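Within every chain, numbering begins at 1; the chains are lettered A, B, ... in the order of the sequence lines, protein sequences first and strands thereafter. All values reported here derive from a predicted model rather than from experimental measurement.
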Amino acid sequence: MEISVIGNSQVNFGKINVGFCSFSKNLNRKIYNSKNYPKTSNFCQGQNMVWHAKSSSGVTLKASNIRAEAALTSEKASKITRTRPIDAVKLYVGLPLDTVSNSATINNARAIAVGLKALKLLGVDGVELPVWWGIAEKQAMGKYDWTCYLALAEMVRKTGLKLHISLCFHASNEPKIRLPKWVSQIGESQPDIYFADRAGQPYKDCLSLSVDDLPVLDGKTPIEVYMGFFESFKSSFSAFMGSTITGISIGLGPDGELRYPSQRQSVKDSSQLGAGEFQCYDKNMLTNLKQHAETLGNPLWGLGGPHDTPGYDQSPNSNGFFADGGSWETPYGDFFLSWYSSQLVSHGDRILSRAAETFKDVSVSVSGKVPLMYSWYRTRSHPSELTAGVYNTVNRDGYEAITEIFSRNSCNIILPGMDLSDDHQPNESRSSPELLLAQIMSSCRKHGVEVSGQNSLVSGGPKVMEQIKKNLLEENAVDLFTYQRMGAYFFSPDNFPSFTQFVRNLKQLNLHSDDLPQKDDETADSLPDMDLHRQVA
Amino acid sequence: MPTAAIPPLHRHPHPHCHRHRHGDSHRTAHLNSSKARPFYLNYTRSPSMIFNVACVPGSRHLKPAKDLPLLASSTTDTAIVEISESSDVVFSETFQLKRPEKVEGKITIRLENGKDDEIWQLTVGCSLPGKWILHWGVNYIDDVGSEWNQPPPDMRPPGSIPIKDYAIETPLEKSLASLEGESIYEVKIDFNTNSSIAAINFVLKDEETGSWYQHRGRDFKVPLIDCLQDDGNIVGAKKGLGLWLGPLRQIFNMLLKPEAANSKEDIVKLSLQKRGLQGFYEEQAIVKETLVDNSVVVSVRHGLETAKNLLYIETDLPGDVIVHWGICKDESKAWEFPSEPYPPETSRFKDKALQTLLERKDSGHGSSGSFILDEGFVAFVFVLKLNENTWLNFHGNDFFIPLSSFSVPAIHSGQTHSVDEGQHKESRSLLISGNTSEANQEVSACTDEIINDIRNLVTDISSEKSRETKSRKAQQSILQEIEKLAAEAYSIFRSFIPNFTETDLSEDEALEPPRDTSDSVLHSPINWVHEALSTPSVKISSGTGSGFEILCQGFNWESHKSGKWYIELREKALKLASLGFTVIWLPPPTDSVSPEGYMPRDLYNLNSRYGNIDELKILVKELHEVGVRVLGDVVLNHRCAQYKNQNGVWNIFGGHLNWDDRAVVADDPHFQGRGNKSSGDNFHAAPNIDHSQEFVRKDIKEWLHWLREEIGYDGWRLDFARGFWGGYVKDYLEASEPHFAVGEYWDSLRYTYDEMDHNQDGHRQRIIDWINATNGTAGAFDVTTKGILHSALGRCEYWRLSDEKGKPPGVVGWWPSRAVTFIENHDTGSTQGHWRFPGGKEIQGYAYILTHPGTPSVFYDHIFSEYQFEIATLISIRNRNKIHCRSTVSCGCFHHRVFYLSS
C-alpha cells in the first residue's frame with residue numbers, strides 16, 4: 001500500500017516513518033510517503049489520527065484534536081489517486097471572442113443559436129463564453145452592462161448546455177476588443193499602469209501587475225475594480241450559478257494568462273526565434289526591484305533589469321544572459337529571476353484568492369490560465385519561460401510555486417496547447433510543447449490541482465484531433481477540455497467533420513470494435529451467425 | 001476483396017503532371033516485382049460504391065425526415081391511417097432494394113504478327129458488357145523514368161483521346177467476331193517493331209461504374225523488346241516473352257549508356273533484337289460488380305372469417321430468396337417465434353428466427369411467399385438472404401411490418417397514439433413557450449422537434465448503452481441534423497470574413513491616394529506606367545506592389561526550344577509595355593534537369609535553355625527601361641541533386657550551394673533525406689528541400705538577394721508553394737524585399753458528381769490560409785476564380801459569378817489585394833493543356849479579370865494571338881477607370897460588364 005498525502009502550507013503535518021512518528025513543520029515541501037504502514041496508527045504529541053485507506057479511491061483522513069485546517073487536506077488528498085473514467089472528460093467549445101460586440105450587441109446571434117444546437121446534438125457538454133471587461137464595464141467604473149451576456153446565458157441554458165465563463169481583463173487584437181475606455185484614458189496620462197519593456201514601450205492590452213494594489217484607477221486599485229466586477233457578475237448571474245454556469249475563469253494577464261507580456265510580436269507563432277524580453281521597466285516595477293535589492297543588501301542589482309538580454313527577434317543565444325553558463329546561472333541571475341517570478345506568483349495569488357473568496361458560496365469552479373511557453377524548452381535556461389515570468393530552468397521547477405497558489409485557493413488550472421505536437425515545431429527553436437505540458441501536468445497532479453485543457457491553434461484537422469485525444473487519454477490528466485473556438489472555420493467543411501469524429505471518438509473510447517466504419521456494421525447486421533442483438537433490439 | 005486504389009496517373013488535372021515524367025513515384029514498386037508471379041486482378045472501384053446492400057425506402061410512405069427518429073410509433077401511425085382507406089389490405093409497401101451482382105468474365109491480351117514482319121498488333125479485349133476504355137501509354141527505349149509517354153500518333157487507334165501528355169484513352173469496340181454468343185469488346189493497337197517503343201502499358205477502365213481494372217494493383221505491361229541479352233540477371237528467370245510486370249526502367253537505364261544514347265545504330269540493334277518478339281495470348285479473369293435494382297413488395301390482409309393476418313411477400317430478386325423472419329409480440333421489438341404451422345420450406349435458424357424459402361414464380365422471374373399469422377402480434381420482422389454472403393436489410397435495420405393495428409383494439413392503439421402525440425405537443429409547447437430569445441425562434445421548428453424527440457438519445461449519442469438500444473437510423477438522422485445546423489452556422493459566420501478583409505485594408509495597407517475619378521483625362525497606357533513607377537508615394541517592398549500592376553506571363557511551355565528566348569523577348573519588350581503591362585514573369589532561370597526549368601539543379605548557374613546569364617541581364621535591363629518590372633520564377637520547393645549518397649540515392653547537391661542530405665526532407669523515402677519532415681505537400685519527382693534548416697534558409701535568402709542585385713529581378717513567382725510552409729516564404733520575402741511576389745498554390749476545386757460546387761469557399765480559404773501564413777507578404781494565383789470561370793463561361797452558368805454575399809466567388813472576393821487572377825498559364829494551357837480554359841471564351845475571361853479587383857495576369861500565348869487587340873483594349877479600359885487590385889466591386893454590375901464586353 002502506498003499513501004501519498006498532500007498538505008497545504010498552513011498545516012502542520014505528520015511525517016511517518018516505520019514504527020515511528022514525528023511532526024515537522026515545513027512550509028514548502030508537502031509530499032509525504034508512508035510505505036507498508038498499518039491502516040491505523042497513533043501519532044505522538046497526544047493527537048490521534050486515524051487512517052482509512054479506501055481501496056483505490058484515495059485516502060480519507062480523520063483527525064481528532066487537530067486543528068480544523070488539517071481536515072481540509074483530506075479533500076485534496078482524495079483527488080490524487082482517483083482514477084478518472086475516461087468518458088468523464090467533459091467537452092466544451094469556446095464561443096467566438098467577439099460574441100458580444102463592442103457596441104454591446106450579440107454578433108451572429110442566429111449562427112450561435114444554431115451552433116449551440118449542433119453542439120448539443122453532438123453531445124458536447126457545454127460552451128465557454130468570454131466576458132470582456134472592456135465591454136461589460138465599458139461606460140464608467142462600476143457601471144456594468146450584462147444584458148447581452150445574460151441573453152447568451154439564457155440561450156445556453158435553453159439548449160441544455162453548461163456554461164463556463166471567462167472573465168477577461170485584457171484587450172484583444174483579433175478581433176479588436178479594447179480595455180474599458182475610461183481605463184485607457186487614464187493610461188494616456190499615466191502610461192505606468194501598463195507593463196513596459198527595456199525600450200520603455202508600454203504594453204497596452206492589460207494592466208501591469210505592479211499597480212495591483214495602487215489606487216491608480218480614479219482612487220481605486222485595480223484589484224478593487226476587479227472585485228467589483230466579480231461581485232456584480234455574481235449577483236447578476238445568480239440565477240445561473242451552479243446550474244448552467246459551472247465554472248468561471250479569471251483573467252490573470254495578457255490573453256488572460258498568468259504571465260508577463262514578454263512576446264510582443266503580433267503573430268506569435270511565425271517568429272519563434274526570439275525568447276521575448278523581460279517586462280520589468282514600468283515605474284512601479286523598477287521601484288519595487290530597487291527596494292527588493294536594497295533589502296537583500298545588493299542595491300546595485302536593483303538599478304534595472306539585466307543588461308545582457310537579447311531583443312525580441314534575436315536568438316536567445318545571441319547574448320549573454322540565456323546562454324549556457326550565462327548570467328541566469330549567476331547569483332545575480334537567481335536574484336533577478338526569483339524576484340521577477342515571485343511578483344507574478346503574488347499577483348496570481350492576489351487575484352485568485354479574491355475570486356475564490358467571492359465565488360465560494362456558489363457552486364462553481366474557479367480557474368485561471370497558465371501559459372505554455374514552449375519555445376526554447378529544450379535549452380538549459382528555458383528563456384521563453386523566464387521572460388514570461390516562470391522561473392523554470394534545468395535546475396529548478398518553476399511551476400511548483402504556481403500550482404501551489406492554485407492549490408491554496410482551490411482553483412483549477414487551464415492549460416492551452418493540448419493540440420501541439422513536437423513534430424511540427426520548427427527545429428531551430430528547440431521547443432517542446434509536449435514535454436512542457438507533461439511537466440506542468442505532473443506538478444498539478446502533485447498538488448491536486450484539476451486541469452482543464454484547451455487547444456492553442458485554430459487549425460483543426462485529424463492530426464490535431466489525434467494529438468488532443470492523446471493528451472486527454474493520459475491517466476487522470478484532464479477533467480475538462482475546451483475546444484477553441486466556434487466560428488466560421490470551426491463549422492467549415494475542413495474542420496467540422498474531424499471535430500465530429502473527435503467528439504464521437506472521445507465518447508466511445510471503450511467501444512473500439514464498434515467504432516468501425518459503417519460498412520462493417522451493416523455486414524454484421526445481416527449475418528445471423530454473429531449476433532442477432534440488433535434484430536432483437 | 002475490392003480495394004480502393006486509384007492509379008495516380010488519373011487525377012483531376014494537376015498542376016505538376018509534367019514533372020511526373022521525370023520523377024518516379026512507382027520506382028520501388030517496379031523494382032520489387034521483378035519475379036514473375038501468378039497473375040490476378042485487382043478490382044478497383046470508387047469508395048462510394050462500397051455500401052451496396054443499401055435499400056431505398058418505399059415510395060408510397062415517404063415521410064418527412066424529421067419523423068425518422070420515431071421508429072415504432074411512426075410506422076404504427078401509418079398503418080392506422082391505412083385502415084380508414086381499406087378494410088381489407090391492412091398494409092402494403094414496396095421496398096426498393098439494391099443488390100450487388102458479380103459478373104465474371106475475362107480480359108484477353110493478344111500479341112501477334114500483323115501484315116508483315118514489322119507490323120505487329122496488340123489486341124486487348126474484355127468479355128463483359130460495359131463502356132470499356134483502354135487507358136494506355138508506352139515506354140520508349142531511351143526513357144529515363146518509368147513514367148508513361150504518349151504513343152506516336154500513327155500508333156493511336158481511331159477514337160483515341162490524349163490524356164495529359166502521357167497517356168491515351170481508347171474505347172473498346174464491340175467485336176464483330178463474337179465468341180459463343182457472348183460479345184467481346186476489344187481494341188487493336190498496331191505498331192511497328194522498328195519504332196523505339198519498348199513497352200506498352202495499360203489499365204482498363206469501365207466508364208459506367210468508374211472502376212479501374214489493373215494487374216495486381218499495377219499497370220499491365222507488355223514489353224516489346226527482348227531484354228534477356230542485356231540483363232540476364234534481372235529477368236533471368238523469365239523464358240521468352242509474356243505479359244510481365246517488369247523492372248523495365250532498370251533495363252533502359254542500362255541501355256542508356258551515354259555513348260549509345262539515341263544513336264541510329266542503337267535503334268537498329270534493338271530492332272534486330274526485336275526479331276525475338278513472339279506472339280502470345282493471355283486471359284485474365286475479371287470480376288465486375290454492379291448494383292442491380294430490385295424490389296420487394298409486402299402486403300398484409302386481414303382475413304375476416306379466420307381472424308388471421310395473411311402476409312404476402314413478393315420480390316423480383318432472381319434465384320433462391322430466403323426470408324429470415326420472426327414476429328414481435330409486444331413493443332420491445334424482440335424477435336419471437338409464432339406458433340406452427342409454418343409455411344412450406346421453413347426451417348428454424350438456431351433459437352432466433354425462422355427461415356422460409358420463397359417459392360419461385362412460374363414465370364421463372366422472381367419469387368413469392370405467403371405467411372399466415374395469428375392475430376395479436378405487433379409486427380412481422382424480416383431480412384432477406386440471397387446466399388451465404390448476401391443479406392439485404394432496410395437501412396441497416398430489419399424490415400418491420402406492423403400487424404398490430406387491426407388485431408389490437410383500435411381504441412387502445414388510438415389511445416397510445418394520442419398519448420404520444422400529447423406528450424410531443426406538450427413538450428413542444430414547453431420549448432416554444434420558453435423560447436423568448438429572438439434568435440432561438442428563428443431556428444427551424446424541425447430542429448426544436450428533433451431536440452425534443454431525441455433528448456435522451458443525444459445526451460450520450462454514442463455511449464455503449466445507447467448504441468445497443470437505440471436505433472442506428474435515429475443516430476443517422478441526428479448526424480444529418482447536426483450537419484445541417486453546422487452548415488447554417490458556417491454560412492453565417494463565414495460572412496464575417498469579408499469584414500476582416502475590409503478592416504485589414506483600411507488599417508494595414510497603404511492605399512494609393514485617391515485619384516481624380518473623372519474619365520476626362522485619358523492617360524495612354526505607356527505614360528501611365530511611367531507615372532506609376534515614378535510615384536514616390538508608392539510603398540515598395542510590401543511584396544504586393546502598387547496595386548495597379550498588370551502582369552504578363554512572358555513564356556510558354558515551348559519557350560525553351562529556341563535556346564534564345566531572352567533575346568527573342570527583348571524584341572517584344574516595348575510592345576508589352578505599350579500594351580499596358582507593368583510586370584513580366586520570366587521563366588525559371590537556373591540550370592535545370594528539365595529544359596523548361598522547373599527541375600532546378602545548380603541555383604547559381606543561370607545558363608539555361610532560355611539563354612545565358614548575360615542575355616538575361618540585358619533583357620531585364622531593357623524591360624526596366626520601358627517601365628516593366630521583372631519577376632523571377634523561383635523554384636524553392638525542390639532541387640535536383642548532383643551526386644549520390646552512399647546508398648546510391650541522388651540527394652547530394654552540387655554547385656555553389658553544395659548541401660548534403662540534411663537539406664532534404666525526411667518524409668519522402670525516395671530520397672532518404674536527413675532533414676525534418678516536410679512542412680507542406682511533397683513533390684515526388686525531386687528531393688524536396690527542408691526549409692526548417694537554418695543553413696538552407698540562409699542560403700536561399702542569400703540567393704534571392706543575389707538574384708535581386710545581380711540580375712535585377714523586382715520580385716518573385718514562387719513555384720509549388722504548397723510544398724512548404726508559408727511562414728518560410730514570409731522569411732524569404734522579408735529578406736529579399738521584392739516589389740511584387742506571387743505564389744502558386746494550386747489544388748483541386750470542389751466537385752460533387754463531376755459538377756463543380758457553387759460554393760468554393762473551402763478552396764479559396766486554403767489559398768487565403770497560405771497567404772496568411774506568409775503574413776500577407778505575397779499574393780497568390782487565384783485558382784478559384786479560374787475554375788469558376790471555366791464553368792461560368794464555358795457553360796454559360798453566370799450565376800456562379802457571385803458568391804452568397806454578392807462578392808466575387810474567388811480569392812479576389814475575399815482578399816483582392818493578394819489575388820493574382822489569371823485564366824491560363826504554361827501548365828494549364830500552352831502545349832501541356834492540363835486544365836485548359838474553355839476554347840473561344842478567353843476574351844470573356846480576360847474581360848472578367850481585367851475589369852475586376854485583384855492583379856490580373858495575361859498569358860503570353862494570348863497576348864501574341866488574334867486576341868491582342870481585345871486584350872489591349874481591356875487593359876486600357878482598366879487603366880482609364882483606374883481599377884486597381886483593391887477596387888470594390890458589386891456583383892450587379894459585373895454581370896453586365898461580362899455581357900457588354902463580350903458582345
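For chain A, the option among B:Gly326, B:Ala487, B:Ala489 with the highest count of heavy-atom pairs below 4.5 Å is B:Ala489.
Side-chain contact between B:Arg750 and A:Pro493 is present, with at least one heavy-atom pair separated by less than 4.5 Å. Counting heavy atoms from C-beta outward, A:Phe496 and B:Ile482 have side chains that approach closer than 4.5 Å.
Interatomic distance, CG of B:Leu485 versus CG of A:Leu119, reported as 9.5 Å (0.5 Å rounding). In this structure, A:Tyr489 OH and B:Asp769 CG are separated by 7.0 Å, a value rounded to the nearest 0.5 Å. For the atom pair CD of B:Gln480 and CG of A:Leu121, the computed distance is 12.0 Å after rounding to the nearest 0.5 Å. Summarising the geometry, atom NZ belonging to A:Lys117 is positioned 12.0 Å from atom NZ belonging to B:Lys484; distances are rounded to the nearest 0.5 Å. Of the inter-residue distances, the one linking B:Phe493 atom CZ with A:Phe490 atom CZ reads 9.5 Å to the nearest 0.5 angstrom. To the nearest 0.5 Å, the span separating NZ on A:Lys120 from CD1 on B:Ile478 amounts to 11.5 Å.
Residue contact with chain B, scored on non-hydrogen atoms closer than 4.5 Å, is absent for A:Pro175.
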